[in-house]
4 protein chains.
Amino acid sequence: MTGTTSVGSSRSDAVRNRRLLLDAAAEAFAECGVEVSIGEIAQRAGVGKGTVFRHFSSKEELLAAIMLGMLNELVDTGTALLTADDPGLALREFMTAGVEIFVRDRAFCEVIGRPSLQHAQVRDAIDRLCDVAEGLTARARRQGIVRPDITGTDVVLILGGIQHTAAPLLIAEPQAWRRYLELILDGVTTGTGRRLPYPPPSRLPLIDPDPDPGR
Amino acid sequence: MTGTTSVGSSRSDAVRNRRLLLDAAAEAFAECGVEVSIGEIAQRAGVGKGTVFRHFSSKEELLAAIMLGMLNELVDTGTALLTADDPGLALREFMTAGVEIFVRDRAFCEVIGRPSLQHAQVRDAIDRLCDVAEGLTARARRQGIVRPDITGTDVVLILGGIQHTAAPLLIAEPQAWRRYLELILDGVTTGTGRRLPYPPPSRLPLIDPDPDPGR
Amino acid sequence: MTGTTSVGSSRSDAVRNRRLLLDAAAEAFAECGVEVSIGEIAQRAGVGKGTVFRHFSSKEELLAAIMLGMLNELVDTGTALLTADDPGLALREFMTAGVEIFVRDRAFCEVIGRPSLQHAQVRDAIDRLCDVAEGLTARARRQGIVRPDITGTDVVLILGGIQHTAAPLLIAEPQAWRRYLELILDGVTTGTGRRLPYPPPSRLPLIDPDPDPGR
Amino acid sequence: MTGTTSVGSSRSDAVRNRRLLLDAAAEAFAECGVEVSIGEIAQRAGVGKGTVFRHFSSKEELLAAIMLGMLNELVDTGTALLTADDPGLALREFMTAGVEIFVRDRAFCEVIGRPSLQHAQVRDAIDRLCDVAEGLTARARRQGIVRPDITGTDVVLILGGIQHTAAPLLIAEPQAWRRYLELILDGVTTGTGRRLPYPPPSRLPLIDPDPDPGR
DNA sequence: CATGAATGAGAATTCATTCAT
DNA sequence: CATGAATGAATTCTCATTCAT
């Protein structure tokens with residue numbers, strides 16, 4: 001009845017279900033975006049809808065858990081790259097990894113790009129991501145590879161921008177984003193030497209209230 | 001006459017209501033995106049729900065009317081710039097005008113970025129927009145201002161990308177997008193001379209069916 | 001403005017509109033049944049919806065007017081047949097004319113078969129129809145052509161029954177009702193030995209598309 | 001097991017609700033016809049509107065489930081009668097059972113009489129019904145009880161015709177259909193000389209109130 | 001008088017969330 | 001603990017009817 005063959009260790013069942021759920025939700029959110037229904041997720045996980053709410057108090061929480069996992073992965077990737085030999089290549093690899101995540105995951109794009117309505121933990125993870133990006137950018141900057149007024153936050157923001165630019169092409173050409181990554185890297189790295197016309201953002205301004213006016 | 005879809009009654013109250021409706025809908029779509037409800041739009045316009053459907057046979061039509069208006073405006077702007085003296089400045093002004101529209105309007109971003117399932121007229125307008133952008137790009141290209149492998153479609157795609165890049169900043173810093181426009185212009189215009197790693201898109205691939213898998 | 005070429009004799013306009021309206025409504029009700037919308041009728045008549053309500057205080061009244069017209073026509077037909085030479089043939093001709101009306105008019109079937117919710121005038125017309133039918137039946141009865149316990153009301157009721165019996169066949173075989181008219185006249189079990197005038201259907205023709213034109 | 005469409009949860013409360021729902025829907029459809037609203041059905045069943053859609057994916061499905069149940073019952077009745085001793089009596093009993101169903105159920109009349117656009121299963125059931133009717137008719141035909149050119153499909157069509165003939169009488173005289181069943185069996189003009197089993201109606205009983213219960 | 005614009009109740013359907021089993 | 005049944009608010013859209021122009 002509980003899904004295990006032996007005498008229902010409810011504890012391990014729960015752990016297993018949580019895993020199943022996270023995987024299914026990740027897949028569903030990636031494919032369908034944040035609007036995917038809890039029913040769809042539960043079905044993909046092979047559990048009941050109630051189980052979703054046992055593990056995550058709301059859809060919002062579930063989404064946050066998934067997003068956190070991806071953000072942390074990217075933070076880890078960036079952290080590892082902080083000690084790479086070639087700072088320019090490291091930055092490029094970080095951005096490549098970043099865009100790849102955006103490109104694979106509709107919900108990720110929607111969540112990172114809509115910074116209000118967000119979970120505290122997700123914000124913190126985005127902050128950490130900006131920190132790591134800043135670390136990588138600073139190294140490249142010191143080597144003159146990157147324009148002096150480009151920040152880590154710029155880099156994080158740009159990841160989503162690249163995905164979004166290529167989005168209409170991605171069904172037909174799943175790698176099209178590489179074109180725009182390269183394009184912006186040219187702008188980011190060398191540039192014309194002119195100061196950019198607008199000062200860099202210090203940090204992503206994550207505003208609590210009014211998540212979706214008019215709804 | 002003004003780009004509206006239906007016949008256009010000449011009765012003054014109806015004309016006024018239609019204007020009210022278009023304005024309210026434009027505002028609502030701009031603020032809330034395409035998911036805003038007809039009820040919300042009707043309320044903002046100060047009319048009954050039925051009145052919305054009297055003027056536009058479906059939510060889709062209303063959205064299309066608004067989007068068409070904005071697309072056509074931008075096409076007109078671009079067309080006027082085709083005969084400007086300075087091709088480089090013309091392209092920059094076109095892109096500035098373009099991003100300004102994206103930045104002001106959530107629905108516009110959603111519609112242009114998710115081009116499937118769309119109204120034929122909207123598609124046509126997007127095509128015309130790409131054509132105009134190509135005209136502007138070609139002129140700049142011939143003068144060596146723009147990389148040889150940048151197309152009008154690239155330019156149109158990039159408009160949305162810039163908006164999306166700056167989106168999280170826009171509440172606090174409504175002009176932040178200028179930073180990223182400049183950044184990408186550096187990439188677009190001079191670049192490093194390297195070929196981009198991915199061939200340019202010929203045209204926005206507008207795919208009819210199943211725009212939202214998993215729903 | 002008013003539709004006339006000369007100085008708007010509003011009076012004759014109104015008369016003309018009423019005629020237009022009755023014709024359009026008759027056609028629309030016949031094709032689509034009582035559920036056809038006032039908008040559809042107004043459009044077919046080439047007038048505004050308001051005009052419908054100026055001439056008929058409600059949809060119900062308009063429907064009643066049309067139904068009355070048809071009922072009266074049938075009453076007249078029956079009345080004329082009361083003096084025909086052959087009472088048996090007269091009854092048969094009356095029933096033929098009756099079924100032809102039912103067969104041509106969806107709304108007529110719906111209204112006559114659903115006797116509640118009805119207009120006093122329509123009821124009166126139905127009563128008169130029964131009287132005429134009784135006259136015809138009585139003559140035939142006296143000649144021994146018709147069973148002694150068949151009444152005019154029976155005959156009227158049977159008209160609708162015949163239409164309804166043949167209804168599923170009528171799209172493919174518009175004359176199929178003749179089969180069932182003959183059947184009920186001749187009798188199923190005993191019969192006269194004559195072949196029925198219409199071949200038997202092999203199977204109910206179940207047609208997929210558009211079951212309800214004009215909706 | 002019993003002819004329901006979906007999987008059939010084993011939870012007792014759900015089973016009970018499904019039963020409640022089917023009963024309420026059957027009653028509502030019977031009384032009001034297919035136009036009865038889901039809200040009305042839900043209310044009669046004492047459940048929320050959502051519950052209806054949990055059990056049946058659309059109104060169409062719910063209707064089909066009910067109709068199928070009735071069709072199958074009638075098919076079963078007919079099948080059992082195929083082995084009855086007296087073929088003439090068997091046919092009469094089949095037709096009696098058939099008309100009884102029509103008479104009890106407005107939706108049934110509407111569905112069988114407007115057979116386009118229908119659920120595949122419902123069509124199949126109607127086909128099976130015609131087959132059974134043909135079996136019964138053939139037996140009677142071989143014994144010379146029935147005219148040689150009457151088919152099973154005729155018989156099925158006639159069931160609805162009888163109901164429709166008697167419909168205006170049924171509120172006042174619920175058994176009036178027996179008259180018309182006998183009539184069509186014996187024949188109008190020739191007949192067997194037996195009195196019809198139900199006295200003739202004096203006049204169409206046109207009842208004012210309650211035009212369309214359940215609307 | 002004629003018009004057709006506005007209205008708003010009502011229909012089917014979806015879905016996050018709660019809770020009895 | 002897990003389940004999935006029940007709920008009801010919200011959404012898009014239709015239409016008879018009223019009324020300002």
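None of the values given here were measured: they were computed from a predicted structure. Just so we're on the same page: letters track the sequence lines, and every chain starts at 1. The figures here come from the full heavy-atom set of this structure, side chains too, leaving out hydrogens, waters and symmetry mates.
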Can you tell me which stems DNA chain E forms when a stem means 3 or more consecutive Watson-Crick or G-U pairs under 3.5 Å?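 Stems (3+ consecutive pairs) listed as E:2-21 with F:2-21.
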
Choosing from dT17(F), dC13(F), dC15(F), which nucleotide comes nearest the side chain of Ser58(B)? dC13(F)

Only residue of Val111(C), Val34(C), Leu62(C) satisfying side chain to side chain contact (heavy atoms under 4.5 Å, CB included) with Met67(C) is Val111(C)

Could you pull out all residues at least two apart from [X] that satisfy side-chain contact (heavy atoms from CB on, under 4.5 Å)?
{"X": "Asn17(D)", "result": "Leu20(D), Val47(D), His55(D)"}
{"X": "Ala26(B)", "result": "Ile66(B)"}
{"X": "Ser58(D)", "result": "Glu60(D), Glu61(D)"}
{"X": "Ala65(A)", "result": "Leu22(A), Phe56(A)"}

Result for 5'-nearest mapping on DNA chain F, choosing between Ser57(C) and Ser57(B), is Ser57(B)

Does Asn17(D) or Lys59(B) map to a spot on DNA chain F nearer the 5' end, using the closest nucleotide for each? Asn17(D)

Given atom [atom1] of [X] and atom [atom2] of [N], what is their separation to the nearest angstrom?
{"X": "Glu35(D)", "N": "dC15(F)", "atom1": "CD", "atom2": "C1'", "answer": "13 Å"}
{"X": "Arg16(B)", "N": "dT21(F)", "atom1": "CZ", "atom2": "C1'", "answer": "13 Å"}
{"X": "Glu40(A)", "N": "dC15(E)", "atom1": "CD", "atom2": "C1'", "answer": "13 Å"}
{"X": "Glu60(C)", "N": "dC15(F)", "atom1": "CD", "atom2": "P", "answer": "17 Å"}
{"X": "Gln43(B)", "N": "dT7(E)", "atom1": "CD", "atom2": "C1'", "answer": "15 Å"}
{"X": "Leu62(A)", "N": "dC15(E)", "atom1": "CG", "atom2": "P", "answer": "16 Å"}
{"X": "Phe56(D)", "N": "dA12(E)", "atom1": "CZ", "atom2": "P", "answer": "15 Å"}
{"X": "Leu63(C)", "N": "dC15(F)", "atom1": "CG", "atom2": "C1'", "answer": "16 Å"}

Side chains of Asp23(D) and Glu27(D): does their closest heavy-atom pair fall under 4.5 Å? no

Expected list for residues 47-54 of chain A near DNA chain E, using heavy atoms below 4.0 Å, is Lys49(A), Phe53(A)

Please tell me if His55(D) has a side-chain N or O lying less than 4.0 Å from either OP1 or OP2 of dA6(F). yes

Please confirm whether the backbone N or O of Val36(B) pairs with a side-chain atom of Lys59(B), one donor and one acceptor, at under 3.5 Å? yes

Worked verdict on Glu40(B) versus Lys49(B) for salt bridge (Lys or Arg N to Asp or Glu O under 4.0 Å): CA-CA 9 Å; Glu40(B) 167 78 16; Lys49(B) 261 184 309 185; over 6 Å; no

Salt-bridge criterion met for Glu31(D) and Arg44(D) (N-O under 4.0 Å):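 Between Arg44(D) and Glu31(D) there is a salt bridge, with a charged N closer than 4.0 Å to a carboxylate O.
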
